[in-house]
Every structure is written in structure tokens, then in C-alpha cells.
Amino acid sequence: MSDDSHLPIEVLRHSAAHLMAHAVLDLYPGTKTGIGPAVETGFYYDFLRDEPFTPEDLEKIEARMKEIARENVPIERLVLAKDEAVRMFEGLGQPLKVELIRENGDASVTVYRQGPFADFCLGPHVASTGLLQNLKLLSVSGAYWKGDERGAQMQRIYGAVFPTGKELDDHLKLLEEAKKRDHRRLGAELDLFSTNEELGGGLILWHPKGARVRAIIEQHWRERHWAGGYDILFTPHIGRATLWQTSGHLGFYKDSMYSPMDIDDQPYYLKPMNCPFHIEIYKSRMRLGTVYRYERSGTLHGLLRVRGFTQDDAHIICTPGQIEDEILRVLDFSVSILADFGFTDNKIELSVRDPKNPGKYCGADELWCRAEASLVKALETRGYPYERMEGEAVFYGPKIDIKIKDAIGRHWQCTTIQFDFNMSERFDMTYVGEDGKEHRPYMVHRALLGSLERFFGVLVEHYNGSFPLWLAPVQVMILPIAERHEDYARALETRLREGGLRTGVDLSREKVGKKIRGAELQKVPLILVVGDKEVESGSASLRVPGQGDKGAVDVARFLEKAQELDRLKSLVVNF
RNA sequence: GCCAGCGUAGCUCAGCAGGUAGAGCGGCUGAUUUGUAAUCAGCGGGUCAGGGGUUCGAAUCCCUUCGCUGGCUCCA
């Protein structure tokens with residue numbers, strides 16, 4: 001490619017991956033190269049080498065990459081016969097490349113070469129390494145050869161590259177920002193939740209402030225569901241093995257279920273899912289249910305991947321004639337509730353069968369077609385753009401996933417609306433139709449927020465810990481300036497509390513500057529300072545983080561306005 | 001589960017060619033009674049993740065268990 005001003009970023013990334021392999025082979029001859037593609041956030045390359053790459057090695061590799069970039073080595077595209085290419089990479093001592101060529105190469109294959117380095121690759125690439133100056137290596141980690149757990153363990157080095165230095169700096173700043181708003185860090189700083197070694201990994205302790213936010217989320221969720229015509233259920237945390245046999249969980253997911261416990265000589269299992277209980281009640285429609293799954297130790301991550309979590313799943317059981325309306329309703333409902341929490345920029349994915357592999361799915365063809373049509377129709381009726389994911393459907397039915405976009409542009413999977421042809425058959429669910437005969441109803445699983453733990457973690461990161469007023473664990477913090485203002489402050493606190501506002505008062509004998517700092521660091525949305533002036537006039541001085549000192553406010557007016565913002569679930573504090 | 005790395009005071013971290021543990025912030029106490037992001041002084045606080053080993057001696061080296069981090073695999 002010669003025009004470098006409008007290069008797709010993927011080309012730059014892919015070329016940077018080649019450049020990295022080039023530098024690695026310069027510095028560590030004998031290293032075997034695997035694959036090195038562009039990815040969403042940059043690029044990586046997999047290497048096979050006995051010695052682990054250290055952070056210092058990464059610096060050296062990066063320095064060498066920049067050297068080669070400055071030398072502006074031309075990148076050349078070669079077209080070779082397959083066996084010629086095989087001989088070439090055998091000569092270069094790259095058996096993994098030979099394997100790839102043998103498996104994937106056509107009769108003639110393309111090879112890109114820069115200086116001594118060559119790679120089997122479709123391209124395209126930049127014309128020369130000079131365009132790859134603005135790069136940074138970020139991390140090294142393990143990866144399996146060809147993604148197979150039993151395959152060789154490769155070392156994967158990740159990096160980022162951009163056309164300009166400014167874009168690289170911006171990207172690095174974004175990474176810093178993401179680190180700063182990490183929910184695990186904010187969870188500790190704001191005293192929201194913790195995990196505990198003695199307790200075990202993947203199990204969450206909700207502290208008072210975190211629990212308060214969670215309770216508010218649940219309360220809102222419940223009210224919306226009742227208003228939307230859903231019912232709620234409570235079901236046990238354990239159930240007999242026979243239930244899980246019928247449901248198929250023991251067959252399909254035994255490895256992810258905890259060992260059974262013995263009750264009266266009967267095996268009982270901790271529930272990995274709510275559905276079977278649900279089906280037992282049949283007509284019922286939704287629940288918040290805590291489930292327990294064995295997640296492999298290396299996969300646990302803060303609140304985002306845990307071993308005990310609360311799902312907000314509902315199950316919709318309806319006739320084929322009702323299905324389109326039901327799907328549309330649940331889609332509207334989901335989008336609307338996500339918007340309540342400030343998520344309005346969603347990415348929607350429709351997962352359908354793999355047309356090449358129809359055998360691995362359960363349920364009749366006709367059911368699949370009608371189900372898929374109802375999903376498509378709902379999306380199209382509302383005009384939502386969506387991406388069709390061929391082969392991404394679960395074996396038991398097609399689904400719609402909604403991924404929300406957070407404040408710094410990251411996507412998080414939340415809502416999922418899934419058909420289930422497996423359960424309805426296994427539990428032999430039927431309804432009597434107008435014809436007086438028994439028919440199989442449709443069953444749809446719906447998790448809206450997904451897991452409350454995970455959703456809460458995403459909320460923390462989205463708002464960077466500064467929850468909107470209606471979600472904030474402490475909505476108002478009152479700061480008396482001196483001891484003589486404490487009675488007034490306490491009376492004010494009582495008044496606001498009775499007015500329904502979650503209010504605290506800082507009675508430490510510190511200067512007001514320090515109290516303000518404390519309240520700001522705790523990300524309290526409304527701060528009231530009270531001193532001589534306020535006591536005398538029966539007012540309070542309002543400070544809004546991010547907006548500074550707003551001056552004196554009348555207490556009655558303040559209360560009214562704060563109540564209104566709370567009631568309207570306003571996402572901004574607008575006094 | 002796999003690869004690599006990490007685990008020192010409540011938090012952030014220093015100490016590590018093996019010689020018996022330190023800072024800042026927080027906490028507590030006292031003085032200060034304070035007007036919009038840190039008042040000053042003093043004090044307490046750690047079986048250096050747990051267990052085992054090497055050594056005269058281990059936070060430091062080795063093994064092991066647990067937990068955490070970045071990925072991989074997985075995620076009904």
C-alpha cells in the first residue's frame with residue numbers, strides 16, 4: 001500500500017505485529033513464531049520460546065522495533081508456490097509457519113518480507129516500517145497454540161500502534177483512566193464491597209454502602225417489573241439431583257456445578273440456574289435468584305466473574321401465536337430499564353444457528369425459524385441496528401444479546417433474550433390449544449441486568465464511582481464548620497432523612513476544607529456546608545462536586561429539589 | 001485449569017547479592033474552632049499470605065497451599 005494517510009488502522013496494527021516478530025527474532029534467534037493478528041485494541045504476536053519474556057525484554061523489543069521503524073525497511077509482498085513457501089520457512093527454522101502454510105495455504109501463497117524477516121500472510125501491509133513509529137508494547141501473557149488448551153503454551157505479547165504520537169498518548173491515557181476507575185479499586189476506596197481470602201475466591205461481601213446501592217437497584221428493578229406485569233418468585237438454593245437430571249444440567253454442565261451434598265441419602269445440588277425451579281411453577285414469570293457455579297480459578301475477576309451471583313432472569317412461556325408480541329415487549333422493557341441506569345448506547349447482537357452444522361442443535365427446524373423470525377421482527381419493528389452472529393446461538397435456541405456502552409466506550413454484555421427448546425422438551429411442557437389438543441409452548445429465558453454483581457461492577461466503572469443522585473449510597477453530606485454548628489447540622493440531617501434523602505453529617509473536628517475533600521473523595525453528589533451565616537438564616541451552603549460552590553440555598557427548596565431529582569432518577573445534578 | 005507475575009501496617013508502597021522491618025496517607029490522643037479539595041504535634045499499628053525446607057540466621061533462597069493480577073481456555 002502506498003497511500004499512507006488513509007490506511008485502515010488494522011493494517012497498521014497487523015504490520016506492527018510483523019515488526020514485533022522481526023524484532024523478537026533479531027534479539028532472540030531461535031524463537032518460533034505463531035500467529036500475529038490485529039485485534040480491536042492493537043495487535044499481538046504469539047511466540048514459542050523456553051525462556052519467559054520479562055518486562056525488561058519487552059522494553060528491549062520495543063526499542064528494537066522503533067529502531068527498525070526508523071530504518072524504514074521496505075515491506076515486500078511475494079507470491080510463492082505452496083511448496084516453495086514451505087521450503088522457505090523450513091529454511092528459516094519456523095516449523096509453526098510451515099504447519100500453517102500446509103493447513104491453510106492455497107496452491108500459491110503470499111509472503112510478506114521485511115529485511116531478514118518473512119511471514120506467511122494475506123496482508124495487506126504498510127509499504128515500509130517507517131510508518132510504525134508510534135507504538136508501545138503493553139503486556140505479555142500465555143496463550144495456547146491454535147487456541148487449544150492441550151496445545152503448546154505460547155507467549156503472547158500485546159501492543160498498541162497509532163498513526164500519530166498524539167493518538168498513542170491518548171490511548172495510553174485511556175488505559176490509565178480505565179485502571180483508575182477499575183471497580184475493584186473503587187470498591188475498596190468507596191467501601192462498597194470486598195472479597196476475602198478466608199472466604200474463598202469469587203465470593204462477594206457487600207459492605208453497607210455497596211449493599212445500599214444494590215438494594216436501590218433491586219428496588220427499582222422490582223417496581224418496574226411489577227408495573228410491567230411480571231410476577232416475582234422465591235425459590236430454594238438447592239434441589240435434588242433428579243431435578244438437574246431432568247433439566248439436563250447434570251448432563252451438560254456437571255463440571256461447572258459444585259459437588260452434591262447428601263440429604264437423607266439423596267444427592268442435592270446447589271443451583272447453577274434458576275430455570276428448573278421456575279418451570280416447576282410454570283406460569284410464573286420472573287425472579288432474582290442467586291446461583292452458584294464453579295468457575296475455574298484463573299477466570300475470576302472482581303465482580304465481573306464470580307462463583308456465586310444473582311441473576312435477574314425471567315422466563316416467558318407462551319404460545320407460538322403470542323411469541324412476536326412477547327419478544328417485542330421484553331426487548332422494549334429491557335432497553336427502557338437499561339436507559340434508567342444511563343445506558344442508552346447499546347450494541348445488539350442476534351445469535352443464530354451455524355448453517356454449516358445443523359446437527360448440534362436441539363429443537364425442530366420449524367421452531368428455530370419461527371423463533372428467529374420473531375427476534376428479527378422485534379429488532380426491525382424498533383429499527384434497532386444489530387449484528388447477525390452466525391453460529392453463535394446456544395445449542396438450545398437463538399438469542400438476542402444487548403451490550404451496553406460505558407462512559408469510556410467499552411462494551412459490556414448485559415441483557416440476553418434466549419429461546420430454549422431444550423427445557424420445554426425435557427420437562428415436557430404443554431398447553432392446551434383452541435383445538436383442545438396439547439401443544440409445546442415456547443420458553444424464553446431473559447436476563448436483563450444479567451448478574452447483579454456484574455452489573456453493579458459495570459455501573460461503578462461507568463460512573464467512575466460518582467453515582468447519580470438516585471443511586472448514590474450517601475446523597476447528601478452535611479459539613480458543620482465549627483463545633484457550635486453541630487446541633488444545627490444534626491437537625492438538618494434529621495430533616496433531610498425524614499424527607500427520604502440518604503444523608504450523613506461529618507462531625508470530625510477538622511477544617512472545612514478537609515471535610516470537603518473527604519466528601520469529594522467519597523463522591524457524594526450533594527455537599528452542604530453550614531456555619532454561622534447558615535444557622536442564622538436557616539439555610540445551607542450547597543456544593544456540587546464538579547460544579548463547585550453554589551452558594552446559599554433555602555433548606556425547604558433544597559429538600560424539594562433533591563427529592564425531585566431522586567424521584568425522576570436524574571442522571572445529572574442540576575440545581 | 002494453563003503460562004507469566006505478584007502477596008510486607010487499614011490503604012499505597014520501600015526494604016530483597018540472607019543479619020532480625022520502614023515511609024506517606026488513614027487511625028487514635030492532644031492543641032487548634034476552623035468558610036469550599038489535606039492545621040500542627042504526639043502515639044499506636046506488621047507471627048513480612050499460610051505451611052514446609054535450606055541456613056548459625058529467611059520478608060529476602062527453594063518447595064508447596066491459598067489468594068490476587070495480566071492474558072489463554074471456558075462462561076448454560
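In this text, all values refer to a predicted model and were calculated from it rather than measured experimentally. Only heavy atoms go into these numbers, but all of them, side chains included; no hydrogens, no water, no symmetry mates. The sequence lines fix the lettering, A, B, ..., with proteins before strands; numbering per chain opens at 1.
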Scanning both residues in full, the closest heavy-atom pair of F309(A) with S451(A) reads CD1-CB, 3.5 Å

Nucleotide [N], atom [atom2] - distance to [atom1] of [X] in whole Å:
| X | N | atom1 | atom2 | result |
| --- | --- | --- | --- | --- |
| L300(A) | rU73(B) | CG | C1' | 14 Å |
| N274(A) | rA76(B) | CG | C1' | 12 Å |
| H301(A) | rG70(B) | NE2 | C1' | 10 Å |
| L138(A) | rC72(B) | CG | P | 14 Å |
| K360(A) | rA76(B) | NZ | P | 12 Å |
| F421(A) | rA76(B) | CZ | P | 17 Å |
| L186(A) | rU12(B) | CG | P | 13 Å |
| E189(A) | rG26(B) | CD | C1' | 13 Å |

Task: Polar pair under 3.5 Å, donor/acceptor by atom type, side chain R296(A), base rC72(B) - done: no

Nearest-Å distance once atom [atom1] is located in both [N] and [M]:
| N | M | atom1 | result |
| --- | --- | --- | --- |
| rU34(B) | rG19(B) | C1' | 50 Å |
| rC6(B) | rU60(B) | P | 13 Å |
| rU8(B) | rU47(B) | P | 13 Å |
| rA31(B) | rC68(B) | P | 45 Å |
| rG71(B) | rA37(B) | C1' | 38 Å |
| rU73(B) | rA4(B) | C1' | 16 Å |
| rU33(B) | rC40(B) | P | 16 Å |
| rA23(B) | rA41(B) | P | 15 Å |

Atom pairs and distances, side-chain donor-acceptor, residues 510-518 of chain A, under 3.5 Å, sequence neighbours left out:
| from | atom 1 | to | atom 2 | distance (Å) |
| --- | --- | --- | --- | --- |
| K515(A) | NZ | P480(A) | O | 2.7 |
| K515(A) | NZ | D506(A) | O | 3.3 |
| K515(A) | NZ | S508(A) | O | 3.0 |

- Query: Counting only side-chain N and O atoms of R184(A), is one of them less than 4.0 Å from OP1 or OP2 of rU69(B)?
  - Reply: yes

field: R388(A) and E372(A): CA distance, side-chain angles, deciding distance, salt bridge (charged side-chain N to carboxylate O under 4.0 Å, His left out) verdict
entry: CA-CA 11 Å; R388(A) 194 183 164 86; E372(A) 189 184 319; 2.8 Å; yes

query: Is the centre of the Y28(A) ring less than 6.0 Å from the centre of the F53(A) ring?
result: yes

Would you check if the distance from the ring center of W368(A) to the ring center of F421(A) is below 6.0 Å?
yes

Side chain to side chain donor-acceptor pair (under 3.5 Å) test vs E295(A) passes for just one of R307(A), H301(A), R305(A), namely R305(A)

Per-nt protein contacts along nucleotides 2-10 of chain B (heavy atom under 4.0 Å; B base, S backbone sugar-phosphate only, - none) come out as BBS--B---

5' to 3', nucleotides 31-39 of chain B under a 4.0 Å protein heavy-atom cut-off (B base, S sugar-phosphate only, - none) gives --BBBBBBB

Between [X] (side chain only) and [Y] (backbone N and O only), is there a donor and an acceptor less than 3.5 Å apart?
| X | Y | result |
| --- | --- | --- |
| Q94(A) | T31(A) | yes |
| R181(A) | G465(A) | no |
| Q522(A) | E189(A) | yes |

From the list L243(A), T235(A), I238(A), side-chain contact (heavy atoms from CB on, under 4.5 Å) partner of K271(A) resolves to T235(A)

Ordered by number, residues from residues 244-260 of chain A within less than 4.0 Å of RNA chain B (heavy atoms) are H249(A), Y253(A), S256(A)

Stems with RNA chain B, 3 or more Watson-Crick or G-U pairs in a row (under 3.5 Å), are B:1-7 with B:66-72, B:10-13 with B:22-25, B:27-31 with B:39-43, B:49-53 with B:61-65

Are more than 12 heavy atoms, taken from residues, nucleotides or ligands other than R410(A), located less than 6.0 Å from that residue's CZ atom?
yes

*In terms of heavy-atom contacts, does CZ of R212(A) have more than 12 from other residues, nucleotides or ligands at under 6.0 Å?*
no

Applying a 4.0 Å non-hydrogen cut-off, can you work out what [X] is touching in the nucleic acid: base, sugar-phosphate, or nothing?
| X | answer |
| --- | --- |
| P272(A) | base |
| G202(A) | sugar-phosphate |
| Y158(A) | sugar-phosphate |

State whether a side-chain donor-acceptor pair under 3.5 Å links Q418(A) with H445(A). no

The answer to which of R307(A) and S139(A) contacts RNA chain B further toward the 5' end, by nearest nucleotide, is R307(A)

Residue set satisfying salt bridge (Lys or Arg N to Asp or Glu O under 4.0 Å) with D420(A), at least two apart, ordered chain then number -> none

**Trace of the side chain to side chain contact (heavy atoms under 4.5 Å, CB included) decision for F343(A) with C414(A)** = CA-CA 11 Å; F343(A) 299 110; C414(A) 278; over 6 Å; no

Closest of rA76(B), rG71(B), rG70(B) to the V394(A) side chain is rA76(B)

* Applying ring pair (Phe, Tyr, Trp, His ring centres under 6.0 Å), run through F277(A) and W244(A) and close with a yes or a no. => CA-CA 10 Å; F277(A) 294 99; W244(A) 306 110; 5.7 Å; yes

